[in-house]
Amino acid sequence: MARTIRIGIDVGGTFTHAVAIDQKKNTIIAHSVTPTTHSSENSVSEGIIKVFTTIIEELGTDKSEIAFVAHSTTQATNALLEGDVSKVGIIGMGKGLEGIKASSDTNIKSLELSKGKLLDTEHHYFDTNSKDFCAANIKEALSKMKEAGCQVIVASEAFGVDNTENEDTVVSLALGQELLSTASHEISQLYGLKVRTRTAVINASILPKMTETANLTDQSIRKSGIESPLMIMRSDGGVMDLNQMRKRPILTMLSGPAAGIAAALMFAKISDGIFLEVGGTSTDISAIKNGKAMIKSANVGGHITYLKTLDSRTVGVGGGSMTRMKHQDVLEVGPRSAHIAGLGYLAFSTPQELEGAKPVLFSPMPSDPGDYLGVENKEGKRFAVTLTDASILMNMTREGDYAYGNYDQVKRAFDVIGSHFGKTGEQIAQQILDGAAAKVKPVVLDLLEEYRIDAELVSLVGGGGGATSVVPWLSQKVGMKYLIAPKAEVISAIGAALAMLRDTVEKTVMTPTESDILAIKKDAFSRLVSMGADVNTIEVQIEIDQGKNILRAIATGAFEMDQDYHTMQKLEEPEIRKSAAESLKTDADRIQLAAVVDGLYIYEDIAEQRRLFGLLKTQIKRYRVLDAFGVVKFQTNAGDIFSQPRKDYQKTIKAFIERVSDFSDVGITLAQFFLIYKNRIVDYSSVLNYEQLLNLIELELEGLSDHDRVVVISSKR
């Protein structure tokens, strides 16, 4: 029986990993790694092609079995950080009295991307009501921009999102002069001409280099005989095809961390948690809530954009982080790592190399302070004292873990180090682990607070090769449970292999009507169909941001050949109940099965809460929603439930919403609501308007039979 194979490639800062996954068995069947080729003439594509070719050779498979190839990339992020961008020509447009402001808003001056790194621009403005706005004059302006060194053009018009004709005309004329081009409405459909133009300019600046690299990678994959389309990781955890990447390469920013999040959601089955992907030098930290990665507006070089990216926060601590000393104590862990310093770890050296080694303080790099701790052998060869070494000594990284090394060797080295500083080796190791945790802990706590995540409900989830050097010790410091993701060392490559197609459409709408919602859903749906998604797998989530008047549609779907993701063993109800009880930290016989909806099991636990020294007692209802494999898909520790057949739900849904929401002189404050039907969980927690909530639920339930069950769970806001 032919296999269905998905290949995922993660381009990291140090290494490029590739994995091949047997889709039906959900198992890794091949793995390849090579140093990331940042400085190559062909950029990171050289490393991508190398690991891809190695994977194909290792599989020795019929190439028709390969259904999916996707890769993450650091190229967009690196290009912007390093100023490796193209000069951009901007054709701004407007008319009438608004023209002065439109001219100013589209005239994006040279942007500082990082210290001393500039994105240069040229600008020309047209009044579209003037006879000067014609093809001949547009061509002339484009020719001058080309002569000035512009490699790519941005067309941006006031209210161009409502009528795209003029922007499309400029793009077409630019392509006629062999200039890459983009229209601002292709990047964002939000009002706000200045920010939309700025976002389009930043996107355009990386378009030539990103397109060149993508084309080279795609051609190499085609030459190998693979017919499945090449997909690129987006910054929100989904993938897009090459056509979309050629229009919006800016969407690939932070696609590496996003790939790790995708794996946490789809491979490790995490629905709520703080995900820490620990590399050799740094740790990327993100939040997962209700089965979704938390997203934010991207800030590039201090410039606000309309780009939505994963809210990933990087801390300069990783498995290879070196130790700085002050007098007899650890001063700091990092930021220098053994990888960048070109030094070996204690745990991975040989006994002969460490024979007679003595502690030494030194500067790993010429610009570093001279207080980094290492050991030096008789021949003068130095080794770093890393966070991984300390973790091994304190039994946080154990035999069987990816980062585990020689415990006895680490123990002997730390005993010598401890004696030198008047301490035990374990005391030095503990200080190192404490120093690392002190950098990571505030970020974790900030994410919990910002996204209102209950620490009792979630776990710290470790990914990356250095996961055990950070996460277990941090777990003790913050009082949270933890788990290390399966195959943590290649978690991002797994995420690239398993990621779903995804796209987001945002529009500025003051008070969204039913027709507005249907139109944006159709637009998002069509985008995924154009990328090859199976129409039966496409789901469109609607969000309404009333504070910013934004209507948002998030579409996800599977590629046409991806319908069977895994064959995990389904559990019987008592086993699922046991998993729910473990999550609720109670006995299985205490909880009730409140509803079953097409393979989703909804459990309720009624707990007693005491206040005012126990004088007041109130009951709180806690809920867990699990799938047939025992994976928690949704949870709340303070909510209520509504459950009715489709034909009856309208009779009582209003009364339920009003009962669980708060009323005051200024009106109703809605609770957070989650709709469950047909094996789907729809998040309406962002909806604050009563009528909008009812309309959204009604639209979502169109097509259900009278007997299909509708469940709504509320959660305290």
Side-chain angles (χ1 to χ4, degrees), residues 10 12-14 17 72 235 237 254-289 292-296 309-321 333-335 337 386-388 390-391 394 396-398 401-403 432-451 453-455 457-495:
D10 172 55
T14 306
H17 289 269
S72 70
S235 55
L254 297 177
S255 69
I261 280 283
L265 291 167
M266 302 192 68
F267 189 70
K269 305 296 180 184
I270 304 300
S271 61
D272 294 86
I274 302 296
F275 180 68
L276 301 98
E277 186 165 7
V278 187
T281 302
S282 61
T283 298
D284 295 320
I285 310 172
S286 311
I288 301 172
K289 184 178 181 181
K292 296 187 297 184
M294 296 296 97
I295 304 296
K296 67 175 182 178
T309 65
L310 175 73
D311 187 355
S312 178
R313 306 182 186 185
T314 302
V315 179
V317 168
S321 289
V333 178
S337 73
T386 70
L387 182 58
T388 294
S391 180
M394 299 304 292
M396 297 293 105
T397 299
R398 300 168 183 167
D401 292 335
Y402 178 77
I432 293 172
L433 291 170
D434 284 346
K439 286 188 172 182
V440 179
K441 180 179 175 180
V443 179
V444 170
L445 297 181
D446 283 349
L447 285 168
L448 291 172
E449 181 179 2
E450 183 171 338
Y451 293 109
I453 299 173
D454 188 341
L457 296 183
V458 303
S459 300
L460 300 174
V461 182
T468 53
S469 67
V470 171
V471 177
W473 192 264
L474 179 66
S475 167
Q476 297 178 14
K477 294 298 177 181
V478 296
M480 293 172 63
K481 56 189 177 183
Y482 82 92
L483 62 93
I484 303 299
K487 300 293 182 181
E489 66 275 14
V490 290
I491 194 74
S492 288
I494 293 171

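- Counting heavy atoms from C-beta on, the side chains of Ile274 and Val443 never come closer than 4.5 Å.
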Practice prompt. Could you go through the side-chain contact (heavy atoms from CB on, under 4.5 Å) check for Ile270 and Leu483 one step at a time?
Written response: CA-CA 10 Å; Ile270 304 300; Leu483 62 93; 4.0 Å; yes
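- Side-chain contact between Leu433 and Met394: present, with at least one pair of heavy atoms (C-beta onward) separated by less than 4.5 Å.
- Using a 4.5 Å cut-off on side-chain heavy atoms (C-beta onward), Val317 and Val470 make contact.
- Using a 4.0 Å cut-off between a side-chain N of Lys or Arg and a carboxylate O of Asp or Glu, Glu450 and Lys296 do not qualify as a salt bridge.
- The main-chain N or O of Val333 is found under 3.5 Å from a side-chain atom of Lys439 such that the two form a donor-acceptor pair.
- You'll find the side chain of Tyr451 reaches within 4.5 Å of the side chain of Asp311, heavy atoms only.
- When every heavy atom of Ser282 is checked against every heavy atom of Thr314, the shortest pair comes out as CB-CG2, 3.8 Å.
- In this structure, Leu276 and Val444 have side chains that are in contact, with non-hydrogen atoms separated by less than 4.5 Å.
- To the nearest 0.5 Å, the span separating CG on Leu265 from CZ on Phe275 amounts to 9.0 Å.
- With hydrogens and angles left out, the side-chain atoms of Thr283 and Glu277 include no donor and acceptor closer than 3.5 Å.
- Considering all non-hydrogen atoms of both residues, Ser72 and Ala259 come closest at CB-CB, 4.3 Å.
- In this structure, OG on Ser321 lies 6.0 Å from CG on Leu387, to the nearest 0.5 angstrom.
- Ser469 and Ser391 share no donor-acceptor pair across their side chains, judged by distance under 3.5 Å alone.
- Every residue was checked against the salt bridge (charged side-chain N to carboxylate O under 4.0 Å, His left out) condition with Lys289, not counting sequence neighbours, and none meets it.
- Ala262 and Gly237 get closest at one heavy-atom pair: CB-O, 3.6 Å.
- Annotation: salt bridge (charged side-chain N to carboxylate O under 4.0 Å, His left out) contacts of Asp272 (sequence neighbours excluded): none.
- Using a 4.5 Å heavy-atom threshold, the side chains of Met480 and Leu448 count as touching.
- Atom OG of Ser312 is separated from atom CG of Asp284 by 4.0 Å, given to the nearest 0.5 angstrom.
- Annotation for Ala485 and Ile491: closest pair CB-CD1, 3.8 Å, computed over non-hydrogen atoms.
- Annotation for Ala293 and Ile261: closest pair CB-CG2, 3.4 Å, computed over non-hydrogen atoms.
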Item to complete: Decide yes or no on side-chain contact (heavy atoms from CB on, under 4.5 Å) for Trp473 and Asp434, but give the supporting numbers first.
Response: CA-CA 8 Å; Trp473 192 264; Asp434 284 346; 2.9 Å; yes
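- A donor atom on one side chain and an acceptor atom on the other are not found under 3.5 Å apart for Thr309 and Ser235.
- Panel note: side chain Thr388, backbone Gly319; a donor-acceptor pair is recorded below 3.5 Å.
- The two residues Val471 and Gly462 have their closest heavy-atom pair at CG2-CA, 3.7 Å.
- Contact annotation: the side chain of Thr468 never approaches that of Val278 to less than 4.5 Å [non-hydrogen atoms, C-beta and beyond].
- Taking the side chain as every heavy atom from C-beta outward, Leu447 and Met294 never approach each other to under 4.5 Å.
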